[in-house]
There are 2 protein chains.
Amino acid sequence: MVATIGDVARLAGVSTTTVSRHLAGQRIREAAAVQATIETLDFRANEVARSLKSGVTRSIGLVVPDVSNPFFAAVAKGVESVSRQLELNVFLSNTDESVERERAVLQGLVGRVDGVILVPAREETDNTAELRRANVPIVLLDRRLRGGNDLDSVLVDSPGGAAQAAEHLLSLGHRRIGLISGPLDTTPGRERHDGFMAALGAAGVELDPTLIRIGDFKLESGYQATLRLLGLPSAVTAIFAANNLMSIGALRALHHLGIRVPDELSFIGFDDLELAELLSPPLSVISRPAVEQGVLAMRLLRNRIEGAGSPKAQHIVLETRLLVRGSCRPPQPSSDGAIPATRIPIGNPS
Amino acid sequence: MVATIGDVARLAGVSTTTVSRHLAGQRIREAAAVQATIETLDFRANEVARSLKSGVTRSIGLVVPDVSNPFFAAVAKGVESVSRQLELNVFLSNTDESVERERAVLQGLVGRVDGVILVPAREETDNTAELRRANVPIVLLDRRLRGGNDLDSVLVDSPGGAAQAAEHLLSLGHRRIGLISGPLDTTPGRERHDGFMAALGAAGVELDPTLIRIGDFKLESGYQATLRLLGLPSAVTAIFAANNLMSIGALRALHHLGIRVPDELSFIGFDDLELAELLSPPLSVISRPAVEQGVLAMRLLRNRIEGAGSPKAQHIVLETRLLVRGSCRPPQPSSDGAIPATRIPIGNPS
DNA sequence: ACGATTACTGGAATCGTTACCAGTACTTCC
DNA sequence: GGAAGTACTGGTAACGATTCCAGTAATCGT
């Protein structure tokens with residue numbers, strides 16, 4: 001059905017070697033005839049056979065927690081745009097924040113890819129052993145790995161970003177602030193938590209432990225955390241959520257509770273949202289260059305694959321930006337008391 | 001560096017054939033010893049070699065216009081969740097709505113995948129010839145192909161959805177409605193346009209051609225279309241946008257113009273948005289099961305790959321749902337006149 | 001005119017796996 | 001006890017490309 005190099009050779013009256021050389025761009029005597037038969041047969045070299053012989057797959061793996069998270073979708077777009085130029089195919093896999101899935105996914109990639117861009121599920125769980133044994137270059141994206149300082153990485157300045165959020169709230173006069181943190185065993189979870197706390201500490205503000213809710217970066221946990229924060233006897237005047245999905249969950253909870261932002265409560269999230277500007281109030285956020293993170297990761301990976309990378313690992317850290325829109329203002333005197341328990345609904349978001 | 005089946009055979013004192021049989025689950029005499037050496041060597045069969053021999057790649061291609069569009073991100077998630085269960089790897093590619101990119105992408109997939117899920121850029125441009133020649137099963141997602149009725153497809157009832165939108169606006173009393181359509185040479189573009197117009201026609205409403213703006217499904221075109229619609233001498237009282245990105249663009253334009261929805265203008269869009277409920281007003285939309293579209297497409301593809309599909313093509317059409325939230329209301333007498341030109345700003349969104 | 005250089009050529013081995021095809025040992029049955 | 005069946009075994013040839021290694025013909029330099 002599909003022509004092989006042997007078919008071309010036979011029809012053109014040369015050896016497969018000659019056809020192969022023609023394909024590789026070397027000059028051969030019968031170039032015209034060979035090219036003609038290639039075209040009549042509509043021959044394309046079998047990539048699988050090529051890969052087996054050469055050990056190069058012209059594919060890479062992109063392993064993220066969840067493509068339907070707009071941040072990772074943007075990353076995927078960045079990765080894909082560079083890899084298309086390099087004529088590399090991209091295997092996309094979701095781990096759903098699970099280390100078991102991550103392990104299965106990475107194992108399934110061994111031998112099928114020339115490199116991997118990985119957003120690890122947990123800092124402590126290093127599932128890269130098999131890839132490393134197979135000499136597959138890895139670039140870490142957005143999250144680090146405990147023992148992975150020898151791997152290239154593209155992060156953002158999470159401590160700095162979280163500090164920007166804290167300072168913004170502090171400067172408005174907030175002292176009693178709810179923190180919806182990500183898991184502390186992920187890089188951004190830990191760093192945003194620590195960065196936020198450090199900035200508060202530097203201003204002499206100590207956060208009551210009940211004001212810190214540890215979520216899992218998913219929407220539902222932002223929703224639940226917000227309900228908890230607002231059910232406390234002494235209310236918070238502001239909330240910071242450590243990623244986009246938890247921000248959406250938090251906003252849903254506030255919406256269901258009927259709490260007006262920023263009149264009753266100030267809110268700021270990490271990661272911009274496509275519609276952030278169109279919400280009312282427009283959402284203030286810590287933004288960061290998501291597509292660029294993907295682009296840079298792919299460039300680092302390319303260098304490693306081509307063996308052109310410097311021997312020691314490269315660590316790129318991109319800056320965040322505080323976008324002040326309209327969801328934060330000084331705490332109102334009237335909002336010092338707790339939200340009445342009667343306003344807390346039963347059920348879940350959506 | 002990485003062990004081969006030969007290494008295992010040598011160490012276990014058997015032939016490669018025997019090891020291969022063990023891998024395939026047949027019973028062999030030295031099963032225990034072979035298994036032991038496999039584990040000490042940490043051997044995993046080379047997938048590329050397997051593919052070459054068997055002609056099966058255990059991979060599929062997913063070709064969409066743009067993963068960063070939340071709809072396609074949801075589709076990708078659905079596809080990926082099924083394919084993980086089937087232990088298939090997914091190649092993800094973006095075409096950016098370009099037929100040239102699509103052609104390049106599809107060619108690059110020949111020989112590397114067992115099947116393809118494709119969202120074609122244009123109905124008229126069939127780039128599947130090479131895949132078909134190579135007997136690669138194809139499932140069309142969300143869009144059809146002119147000559148592709150022999151291919152399985154998973155669509156939504158776009159005419160019906162657009163009609164729901166039209167009827168909703170009509171029932172509220174709107175007669176002068178702006179339509180931001182997608183490209184007419186894509187299935188959803190054409191079908192939503194036609195469905196919308198048909199429903200209006202059935203109610204005796206003829207739309208002035210100047211009220212129909214043909215966009216390209218991208219954000220910027222929704223923004224520009226909205227500016228044009230609102231610059232008309234006789235203003236529209238409602239706008240329908242045919243997809244999510246153009247809706248966002250339109251909302252940005254309305255926001256920049258300072259036009260209050262639904263007081264001055266009603267708005268309804270095709271495709272739900274994660275934050276639609278949190279906008280003010282909450283956005284009324286035509287929603288549809290995006291993840292499920294991906295799931296069903298992957299199931300159809302699986303059947304084809306396993307040769308279990310019925311000989312003739314399967315066409316699945318999912319229903320849309322009108323979600324009435326708060327962005328539509330009867331036209332206000334005061335909004336009959338055109339928006340003063342002075343309120344139209346210069347520049348672009350973002 | 002003769003060895004050296006250049007410009008090609010094709011045969012055969014190889015990548016790592018699977019599958020066909022005999023072959024061997026042991027059991028079973030009449 | 002011999003034929004037939006069962007339960008394995010391993011050698012070898014593929015899959016479709018690339019590459020090493022000779023080999024041949026033409027051109028070059030002196």
Side-chain angles (χ1 to χ4, degrees), chain A residues 1-35 37-38 41-59 87 107-114 130 133-136, chain B residues 1-35 37-38 41-59 87 107-114 130 133-136:
Chain A
M1 197 89 253
V2 171
T4 73
I5 199 173
D7 301 331
V8 176
R10 208 168 314 115
L11 241 87
V14 295
S15 73
T16 60
T17 309
T18 300
V19 178
S20 174
R21 280 200 261 256
H22 176 71
L23 257 32
Q26 297 177 32
R27 43 181 15 213
I28 58 166
R29 200 143 25 224
E30 308 288 341
V34 170
Q35 185 57 36
T37 32
I38 285 177
L41 289 179
D42 223 336
F43 164 82
R44 325 214 103 224
N46 179 321
E47 283 298 325
V48 174
R50 255 187 188 171
S51 294
L52 178 59
K53 187 79 213 333
S54 65
V56 170
T57 62
R58 303 202 65 68
S59 310
E87 298 192 76
Q107 284 189 0
L109 251 26
V110 178
R112 322 194 72 162
V113 295
D114 299 337
E130 279 209 73
R133 240 168 38 88
N135 273 321
V136 178
Chain B
M1 197 88 256
V2 170
T4 72
I5 201 172
D7 300 332
V8 175
R10 207 168 314 113
L11 242 88
V14 294
S15 73
T16 59
T17 309
T18 300
V19 178
S20 173
R21 279 198 264 255
H22 176 71
L23 258 32
Q26 298 176 32
R27 40 181 17 209
I28 59 166
R29 197 137 35 217
E30 307 290 340
V34 169
Q35 185 57 37
T37 31
I38 284 176
L41 288 180
D42 223 338
F43 164 82
R44 327 215 104 224
N46 179 321
E47 284 298 326
V48 175
R50 257 187 185 169
S51 295
L52 177 59
K53 188 81 212 340
S54 65
V56 170
T57 62
R58 304 204 64 69
S59 311
E87 298 191 75
Q107 284 189 359
L109 251 26
V110 178
R112 322 193 72 160
V113 295
D114 298 337
E130 278 208 73
R133 239 168 39 90
N135 272 322
V136 178

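Below, all heavy atoms of this structure are taken into account, side chains as well, without hydrogens, waters or symmetry copies. None of these values were measured; they are calculated from a predicted model.
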Between the first and last five pairs of the helix from C/dA1-D/dT30 to C/dC30-D/dG1, the angle of the axes, rounded to 10 degrees:
40°
For the side chain to side chain contact (heavy atoms under 4.5 Å, CB included) test, which of B/Leu41, B/Thr37, B/Thr16 pairs with B/Asp7?
B/Leu41
Return yes if a side-chain donor-acceptor contact under 3.5 Å exists between B/Thr18 and B/Ser15, otherwise no.
yes
Rounded to the nearest 0.5 Å, how far apart are CG of A/Leu23 and CZ of A/Phe43?
5.0 Å
Is there a side-chain contact between A/Val136 and A/Val110 (heavy atoms, below 4.5 Å)?
no
Atom-to-atom span, CG of B/Leu52 to C1' of D/dG16 - whole angstrom:
6 Å
Outermost nucleotides of DNA chain C that come under 4.0 Å of a non-hydrogen atom of chain A:
C/dC8 to C/dG16
Please encode protein proximity along nucleotides 8-14 of chain D as a string of B, S and -, counting only heavy-atom distances under 4.0 Å.
SBBBB-B
I need the B/Thr17 OG1 to B/Gln26 CD distance, nearest 0.5 Å.
10.5 Å
Are the side chain of A/Asp114 and the backbone of A/Thr57 linked by a donor-acceptor contact shorter than 3.5 Å?
yes
Spacing between A/Arg10 atom CZ and D/dG16 atom P, to the nearest angstrom:
11 Å
Reckon A/Ser20 touches a base, only the sugar-phosphate, or nothing at all at heavy-atom distances under 4.0 Å?
base
For B/Ala31 versus B/His22, what's the shortest heavy-atom pair and its separation?
O-CE1, 3.8 Å
Side-chain touch A/Val19/A/Val14, heavy atoms, less than 4.5 angstrom:
yes
Donor-acceptor pair, side chain of A/Arg58 and main chain of A/Glu47, under 3.5 angstrom
no
So, does B/Arg44 use its side chain to make a donor-acceptor pair with the main chain of A/Glu130 at under 3.5 Å?
no
